[in-house]
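Note that this is a predicted model, so its numbers are computed, not measured.
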Protein chains: 2
Amino acid sequence: MDVERKNAGGRAEAWGDITPDAARRLVSAAVHAFAERGYHATTTRDIAGRAGMSPAALYIHYKTKEELLYQISKVGHRLALDILEEARDGEGAPAERLATAVRGFVRWHAEHHMTARVVQYELGALGEEHHAEVIAMRRATDAAVRSIIEDGVGAGAFDVPDVRGTTVAVLSLCIDVARWFNARGRSTPDEVGDLYAGLVLRMVGADS
Amino acid sequence: MDVERKNAGGRAEAWGDITPDAARRLVSAAVHAFAERGYHATTTRDIAGRAGMSPAALYIHYKTKEELLYQISKVGHRLALDILEEARDGEGAPAERLATAVRGFVRWHAEHHMTARVVQYELGALGEEHHAEVIAMRRATDAAVRSIIEDGVGAGAFDVPDVRGTTVAVLSLCIDVARWFNARGRSTPDEVGDLYAGLVLRMVGADS
DNA sequence: ACGTGTCCTAAGCGCTTGCTCACCCTCCGT
DNA sequence: ACGGAGGGTGAGCAAGCGCTTAGGACACGT
């Protein structure tokens, strides 16, 4: 329970606060393997191998392969959601808060695109209960963005005919960064975050 | 070769022009299975079962499971690309052509979201050669959108500081429709297409 | 010195996977 | 009447899967 609350805005790629060390290496190895080949194409032998241990050692730290995915998905969703809720509850005009939300959310998806890919595209492989838990967090994600947009519409700062649809579009745009972003590509996470914040302000018709 | 050129704008969900009938049922079954559970989580027994035949019958029509995915991916990419290139080569001002492109592209991804999901999110499971072939088509997709945006910038109709980044964003926004769209949801493919066309015109700063 | 708990491995079990093989149906031109 | 082609099946193979088990190495409080 103390794993997922830490370093909400910092770098989670290293998963630095998981102990013992072997468990941390397993999670890190699983993130890379799941992101590169997908959950179902990844074998427990592959994960254990990347973490530098025997296949059996995995089961000392995690009951099943699915629990590893659940751990990654839960922590990842928590970190991403924290960014949005922090922006929603922050100071400033709606346009400012929306820009902060998008910039931070996109930056996280770019910087931790391996983790984000697993978080956003492998949740279908979760077990029923874990899946439901994650879906609840995703509804909160949607609610956070919608809340900011509604604030802007209420204040007359945004021009959004379809709040629900636009919320989906904004989140969809940001989430998909995890799919295409490449660390060796042309843009840095900061650049993409800034670009996307500007695009989203245009989408909601923020008076600029 | 005559399979993927037909009904570019029509409904491809039924895969109506594949013969014999058993092969068509196999592709349709594979699309549904791949879209619901992912390529690697789908078994050949599952596909054959959905198509109403024995596991062995699959191999009369397709050499491997991967070839089935390749067929779906190739045809799907062709259909989606045709929509964009038709809009790019069409008549009208850049804003009009961009709106047509986005509306058609989004509508296809919503209407055929099962096929689109496989096309957009399972291409990593393709073999090396097939993967390269599909990547080439995806570059053409990017080029088509970028071409329209460049036209608009050149004509002074768009305000786009970062053409490359904005092209990626626009395409990303449209593609991700396949992930979240639900046939039993609140919006129809037409509604989403119209909404998205408007959002994209705002993103490129089209003077409206 | 020694029991205890933690962390790990080698071996392998039971099952599922993609795919093949030997064989069996029609249907159809001659 | 009949051979052959096209479309199908039941059984099953080799390989790989997630996961378990029996046991060993090592640090540490006493």
His130(B) and Glu67(B) side chains, donor-acceptor separation under 3.5 Å: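 Side chains of Glu67(B) and His130(B): no pair found under 3.5 Å.
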
Distance-only donor-acceptor check, side chains Glu122(A) and His40(A), under 3.5 Å: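 No donor-acceptor contact under 3.5 Å links the two side chains.
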
Asp21(B) CG - dG8(D) C1' separation (whole Å):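 About 14 Å, once rounded to whole Å.
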
Identify whether the distance between the nearest side-chain nitrogen and carboxylate oxygen of [X] and [Y] falls below 4.0 Å.
X	Y	answer
Asp46(A)	Arg37(A)	yes
Arg24(A)	Asp21(A)	yes
Arg78(A)	Glu85(A)	yes

Test log, rule salt bridge (charged side-chain N to carboxylate O under 4.0 Å, His left out), inputs Asp89(A) and Arg97(A): CA-CA 8 Å; Asp89(A) 302 335; Arg97(A) 286 188 287 132; over 6 Å; no

Give every pair of a protein N or O atom and an N or O atom of nucleotides 24-27 of chain D that lie under 3.5 Å apart, one pair per line with the distance.
none

Atom pair CG (Leu69(B)) and CZ (Phe34(B)), whose distance is rounded to the nearest 0.5 Å: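 It is 5.5 Å, given to the nearest 0.5 Å.
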
Any Leu126(A) side-chain heavy atom under 4.5 Å of Tyr39(A) side chain: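 A side-chain contact under 4.5 Å is absent here.
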
N/O (side chain, His61(B)) to phosphate O (OP1/OP2, dG6(D)) under 4.0 Å: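 His61(B) to dG6(D) OP1/OP2: no side-chain N or O under 4.0 Å.
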
Helical bend (five base pairs per end, nearest 10°) for the helix from dA1(C)-dT30(D) to dT30(C)-dA1(D):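 Result, rounded to 10 degrees: 10°.
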
Residue that, paired with Arg50(A), satisfies side chain to side chain contact (heavy atoms under 4.5 Å, CB included) out of Arg25(A), Arg45(A), His32(A):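 Only one option passes, and that is His32(A).
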
Per-nucleotide protein contact string for nucleotides 9-19 of chain C (B base, S sugar-phosphate only, - none; heavy atom under 4.0 Å): BB-B----BBB

Identified side chain to side chain donor-acceptor pair (under 3.5 Å) partner of Tyr70(A) from the options Glu133(A), Lys65(A), His131(A):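 Answer after filtering Glu133(A), Lys65(A), His131(A): Glu133(A).
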
